[in-house]
Enquirer: 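Quick one: structure below, then a few questions.
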Amino acid sequence: MLDPKFIRENLDFVREKLAKKRFTVDLDGFINLDLQRRNVVGEADVLKNRRNTVSREIAEIKKAKGNADSLIAEMKTVSDKIQELDGTLRGIETQIDEVLLNIPNLPHDSVPFGKTENDNVVLATFGEKRKFDFPVLDHVELIEKHEIIDLKRGAKVTGSGFPIYKGDGARLQRALISFFLDQNVNVYGFTEISPPLLVNADSARGTGQLPDKEAQMYETKMEGFFLIPTSEVPLVNLFRDEILEEKKLPVYVTGYTPCFRREAGSYGKEVKGITRIHQFDKVELVKICKPEDSYTEFDDLVENVTETLVLLEMPFRQLHICTGDMGVTQTKTIDMEVWSPSQEKWLEVSSISNCESFQARRANIRFRRNETGKVEFVHTLNGSGLALPRIIIALLENFQQKDGSILLPKALQKYFGKEKIGN
RNA sequence: GGAGGUGUAGUCUAACGGUAAGGCAGCAGUCUUGAAAACUGCCGGGUAAUACCCUUGAAGGUUCGAAUCCUUUCACCUCCGCCA
């Protein structure tokens with residue numbers, strides 16, 4: 001959510017930034033509603049002041065056993081008018097909230113201008129693509145060969161896109177989760193959190209899943225809870241409606257959770273194997289910090305994820321997402337992509353974003369600045385560290401040997417308990 | 001799931017239906033070589049504001065006026081039932 005006051009005072013700037021994100025919003029309608037709101041509040045405040053003053057007078061008169069009937073009669077009409085104005089105000093505020101909740105965040109000045117994903121900018125590429133002297137198997141062939149992921153039975157038990165990890169597949173999953181969490185906690189200084197996998201609507205709204213991405217989430221029938229599409233949702237909402245102490249900032253939290261996504265409308269695209277599935281595991285990183293620190297925190301976060309990827313010894317690249325391809329909540333996003341030799345394509349395994357105060361405003365997460373004593377919104381950042389299925393795809397494909405076995409990178413071997421899958 | 005009880009600001013604790021009082025913690029400052037103590041200010045939110053408005057878990061209702069009375073709901077505690 002943007003600051004209504006900022007919109008009011010920087011109308012052209014906001015309009016221009018939104019256009020870069022290929023978004024048109026009825027800002028004039030908003031300005032008009034905002035003006036109405038302030039008028040009604042002003043009118044109601046005058047009457048409330050009158051009511052508060054006279055109520056005290058009535059109390060005095062009653063105490064002195066006097067007659068306050070005429071004042072009480074006057075207050076009756078004043079109260080009725082206040083009630084009417086408050087009703088009007090509620091209506092206006094509902095409309096304003098609806099507009100505000102649907103205005104996306106503004107892109108940061110450093111973000112490259114572009115219209116589609118083709119305009120994203122490659123910032124850096126790491127590692128060498130391996131030359132294979134034998135026919136490369138794709139990940140689907142490899143998981144079948146080693147019987148480590150069972151897609152058919154997953155489809156039977158639940159549905160398509162709910163894979164079953166088995167034997168070394170399940171073990172690899174567990175090894176990756178431990179490796180990522182240890183890296184985040186021991187090396188980068190994050191606190192490990194194991195959050196609920198279901199959240200309420202207030203939380204979903206706080207991080208921006210509602211109203212924009214409701215169709216992407218699974219919802220429980222009786223309670224109206226949502227299965228989390230990413231642990232970013234519970235991790236950021238840990239601090240919803242709180243005022244944090246300045247000295248507690250920045251907050252670094254990391255968590256492993258399964259993630260659930262309906263992926264409505266994406267059928268036919270990337271349906272093969274485990275590239276795009278309804279339930280997948282992910283380790284997430286979240287930072288809560290002061291506004292002036294968020295871009296250095298962002299750079300550090302990118303560095304952390306990069307370092308983890310380097311340890312996996314696979315070719316990967318950093319991609320600066322352009323204005324037109326960015327999501328709703330972010331001001332700046334850098335994606336990490338690993339190389340798939342079978343598809344000869346880069347696969348997104350991490351997305352690192354600064355949301356500035358957009359989520360903080362929705363979720364009402366603030367801190368008190370000691371210097372001024374004032375309360376301000378924090379900035380929130382998040383990044384995957386990392387998403388598992390595509391890491392598994394890349395590991396299987398990049399580390400396959402001529403005999404079909406998978407020789408794992410050194411960093412993973414101790415977590416996995418052995419050097420390779422197969423033979 | 002059933003019965004009962006409790007929710008006041010970061011925390012503890014007041015307020016016959018008359019408009020949220022205090023303590024502690026915290027922050028800033030004075031004093032001090034430094035710290036502690038003491039003293040001063042701030043210390044729920046909005047606002048440029050010491051004006052004014054809003055705030056007693058949340059949402060409604062009764063009333064001129066609600067922390068207080070009523071209804072619904074949420075969280076926590078105790079007991080019973082069920083259960084990994």
Side-chain angles (χ1 to χ4, degrees), chain A residues 1-10 30-31 33-94 96-97 100 194-206 210 219-226 234 237-251 258 288 290-292 357 360-378:
Chain A
M1 189 182 285
L2 299 178
D3 180 3
K5 190 176 156 195
F6 183 83
I7 301 177
R8 194 192 304 148
E9 292 172 358
N10 303 277
F30 166 78
I31 293 294
L33 282 168
D34 186 58
L35 190 65
Q36 279 182 51
R37 186 189 66 86
R38 284 185 290 155
N39 286 337
V40 175
V41 166
E43 199 179 337
D45 276 4
V46 169
L47 290 175
K48 284 174 179 175
N49 183 13
R50 174 77 183 148
R51 180 175 69 182
N52 288 340
T53 310
V54 174
S55 283
R56 275 182 215 109
E57 285 172 25
I58 291 173
E60 289 299 314
I61 293 169
K62 289 267 189 181
K63 202 179 280 178
K65 308 275 187 219
N67 186 316
D69 288 353
S70 65
L71 284 178
I72 289 176
E74 184 202 337
M75 282 309 99
K76 209 173 169 62
T77 63
V78 168
S79 276
D80 287 347
K81 183 67 182 167
I82 288 173
Q83 203 156 31
E84 188 189 318
L85 287 171
D86 278 348
T88 310
L89 185 62
R90 264 199 299 275
I92 293 170
E93 284 183 335
T94 305
I96 288 179
D97 282 350
L100 281 178
S194 184
L197 306 182
L198 273 65
V199 294
N200 59 32
D202 284 341
S203 293
R205 199 173 299 110
L210 289 181
E219 186 175 359
T220 67
K221 195 171 180 182
M222 305 294 284
E223 299 85 359
F225 292 153
F226 295 92
N237 277 286
L238 281 177
F239 308 100
R240 176 155 52 80
D241 292 323
E242 291 193 22
I243 298 173
L244 305 168
E245 285 180 53
E246 182 176 357
K247 68 179 180 194
K248 295 270 175 67
L249 299 177
V251 172
I288 312 277
K290 294 193 274 180
E292 62 269 32
S357 63
R361 206 174 292 279
R362 285 172 167 247
N364 196 28
I365 307 172
R366 295 170 293 177
F367 77 103
R368 186 182 306 283
R369 194 183 285 281
N370 290 333
E371 200 183 338
T372 59
K374 297 289 185 191
V375 175
E376 296 177 37
F377 288 105
V378 297

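Keep in mind that the numbers below use all heavy atoms, side chains included, and drop hydrogens, waters and symmetry copies. Lettering follows sequence order; numbering is per chain, from 1.
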Enquirer: NA contact type, A:Lys5, heavy-atom cut-off 4.0 Å: base, sugar-phosphate, or nothing?
Expert: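 Sugar-phosphate, no base atom in range.
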Enquirer: Going by an N to O cut-off under 4.0 Å, is there a salt bridge joining A:Glu292 and A:Arg369?
Expert: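 Judged by the 4.0 Å cut-off on N to carboxylate O distance, A:Glu292 and A:Arg369 do form a salt bridge.
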Enquirer: Quick test of your reading: applying salt bridge (Lys or Arg N to Asp or Glu O under 4.0 Å), list the pairs with at least one residue in residues 60-80 of chain A, sequence neighbours left out, ordered by first then second residue.
Expert: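 Counting only pairs at least two positions apart or across chains, the salt bridge (Lys or Arg N to Asp or Glu O under 4.0 Å) contacts touching residues 60-80 of chain A are A:Arg50-A:Glu74.
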Enquirer: Calculate the interatomic distance between A:Arg38 atom CZ and B:rG46 atom P; express it in whole Å.
Expert: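 After rounding, the gap between these two atoms is 17 Å.
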Enquirer: Heavy atoms under 4.0 Å is the rule here; annotate nucleotides 50-74 of chain B 5' to 3' with B where the base is hit, S where only the sugar-phosphate is, and - elsewhere.
Expert: --SSS---------BS---------
Enquirer: Mind checking the P distance from B:rU6 to B:rG60? Whole angstroms is fine.
Expert: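 Between the two P atoms, the distance is 24 Å.
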Enquirer: Can you tell me if A:Arg368 touches the phosphate of B:rG45, counting only side-chain N or O atoms and a distance under 4.0 Å to OP1 or OP2?
Expert: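 Yes, within the criterion.
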Enquirer: For nucleotides B:rA67 and B:rU62, find the distance between their P atoms and express it as a whole number of Å.
Expert: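 Here B:rA67 and B:rU62 have their P atoms 16 Å from each other.
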Enquirer: What contact category does A:Val78 fall into here, base, sugar-phosphate, or nothing, at under 4.0 angstrom with non-hydrogen atoms?
Expert: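 Counting heavy atoms under 4.0 Å across all strands, no contact is made by A:Val78.
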Enquirer: Would you measure the distance from the C1' atom in B:rC70 across to the matching atom in B:rC76 and give it in whole Å?
Expert: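 The same atom, C1', in both gives a distance of 23 Å.
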Enquirer: Using Watson-Crick or G-U wobble pairs with both distances under 3.5 Å, give me RNA chain B in dot-bracket, 5' to 3', with [ ] for crossers and | for pairs to another strand.
Expert: (((((((..(((.....[...))).(((((.......))))).(((.....)))..(((((..]....))))))))))))....
Enquirer: What integer number of Å spans the C1' atoms of B:rG29 and B:rA9?
Expert: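 After rounding to an integer number of Å, I get 24 Å for this pair.
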Enquirer: Using the C1' atom as the point on both nucleotides, what is the distance between B:rG44 and B:rU56, in whole Å?
Expert: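 11 Å, rounded to whole Å.
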